[in-house]
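Both ligands and their constituent atoms are indexed starting at 1 by order of listing.
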Amino acid sequence: MSYISFEDVTKTYHVGEVDIHALSGVSFSVEKGEFVIVAGASGAGKSTILNILGGMDTATSGKITVDGRQINSLNERELTDYRRFDIGFVFQFYNLVQNLTALENVELAAEICHDPLDCSLVLDQVGLKDRKNNFPSQLSGGEQQRVAIARALAKNPKLLLCDEPTGALDYVTGKQILKLLQDTSRSMGMTVVIITHNLALCPMGDKVLRVKSGKIISEEKNPHPADVDEIEW
Ligand SMILES: Nc1ncnc2c1ncn2[C@@H]1O[C@H](COP(=O)(O)OP(=O)(O)OP(=O)(O)O)[C@@H](O)[C@H]1O
Ligand SMILES: [Mg+2]
């Protein structure tokens with residue numbers, strides 16, 4: 001059995017009188033430790049997939065399994081625990097607490113977990129050894145995203161989910177962040193799922209899911225994933 005599986009997952013949003021079919025029959029699987037790229041145009045359903053996988057949204061129908069556990073049948077309390085203990089989330093706009101230092105931001109997230117990593121060490125690993133006592137406003141965008149990644153990793157999650165993690169960054173900084181995420185997946189054996197609308201990034205993935213109009217139009221395993229340094233776009 002796969003580490004993650006989506007089986008015929010649908011999601012319909014009701015807005016007033018209108019039904020919006022964000023996902024219509026999404027199925028795919030991911031193995032433990034895979035670096036997964038989810039690519040597709042705006043409105044395709046990428047964030048909906050990630051939010052359902054991360055327990056921030058619920059499916060209308062279908063079956064979702066993560067590490068042997070059926071996520072779609074969890075109650076509210078169980079979902080809260082799932083988000084808290086099993087999922088690290090990284091967003092486009094970092095979402096750091098502005099009046100806490102880098103280290104304090106990471107410690108805050110680690111505090112609510114069973115088995116967190118050493119926050120200071122994780123900040124070393126993401127390249128912020130000398131910036132731990134800086135506030136977000138004193139850090140560049142790329143550095144703030146490193147704090148956000150450290151914050152997600154310090155929880156020692158089963159899955160690291162990233163929704164357009166380089167969307168607010170320039171080309172070079174974005175590449176550095178992608179390299180950090182790819183290296184982290186490889187060195188920690190961490191299952192990492194990254195959303196992008198940039199198809200040029202597909203060669204990076206151990207697995208690539210292409211999403212279009214609420215459906216998976218291709219699911220490919222990549223036997224020789226490229227390093228991000230080898231990709232230009
Ligand atoms: N909370 C919501 N209420 C109503 N409709 C929604 C909601 N969230 C998403 N949708 C709709 O579902 C569809 C898929 O949205 P989703 O956010 O998953 O797309 P996306 O692929 O992440 O796009 P983008 O690249 O622009 O972030 C879109 O038509 C969107 O308008
Ligand atoms: Mg999105």
Ion pair check, Arg186 and Asp206, cut-off under 4.0 Å
no
Under 2.8 Å from the Mg ion (ligand 2), which protein N, O or S atoms are there? Could you list them by chain and number?
Ser47 OG
When you pair each N or O of ligand 1 with protein N or O atoms, which pairs come out under 3.5 Å?
unit_1, atom_1, unit_2, atom_2, d
ligand 1, 18 (O), Ser47, N, 3.4
ligand 1, 18 (O), Thr48, N, 2.9
ligand 1, 18 (O), Thr48, OG1, 2.6
ligand 1, 19 (O), Gly45, N, 3.4
ligand 1, 21 (O), Ala44, N, 3.2
ligand 1, 21 (O), Gly45, N, 3.0
ligand 1, 21 (O), Lys46, N, 2.9
ligand 1, 21 (O), Lys46, NZ, 2.8
ligand 1, 22 (O), Ser47, N, 2.9
ligand 1, 22 (O), Ser47, OG, 2.8
ligand 1, 23 (O), Gly43, N, 2.8
ligand 1, 25 (O), Lys46, NZ, 2.8
ligand 1, 26 (O), Ser42, OG, 2.6

Do Ser61 and Thr10 have a side chain donor and acceptor closer than 3.5 Å?
yes
Test log, rule side-chain contact (heavy atoms from CB on, under 4.5 Å), inputs Val36 and Phe28:
CA-CA 11 Å; Val36 183; Phe28 64 87; over 6 Å; no
CA sep, side-chain torsions, deciding dist, call: Glu31, Lys207, salt bridge (charged side-chain N to carboxylate O under 4.0 Å, His left out):
CA-CA 9 Å; Glu31 301 307 324; Lys207 166 150 270 184; 6.0 Å; no
Check step by step if side-chain contact (heavy atoms from CB on, under 4.5 Å) holds for Val208 and Ser218.
CA-CA 8 Å; Val208 180; Ser218 72; 5.8 Å; no
Donor-acceptor pairs under 3.5 angstrom involving side-chain atoms of residues 15-23: please list them, not counting sequence neighbours.
unit_1, atom_1, unit_2, atom_2, d
Asp19, OD1, His14, ND1, 2.5
His21, ND1, Thr12, OG1, 3.2

For the atom pair CD1 (Ile112) and CD (Glu107), what is the distance rounded to the nearest 0.5 Å?
13.5 Å
Presence of salt bridge, Asp124 and Lys132, under 4.0 angstrom
yes
Determine all donor-acceptor pairs shorter than 3.5 Å in which one atom belongs to a side chain in residues 87-94; sequence neighbours excluded.
none

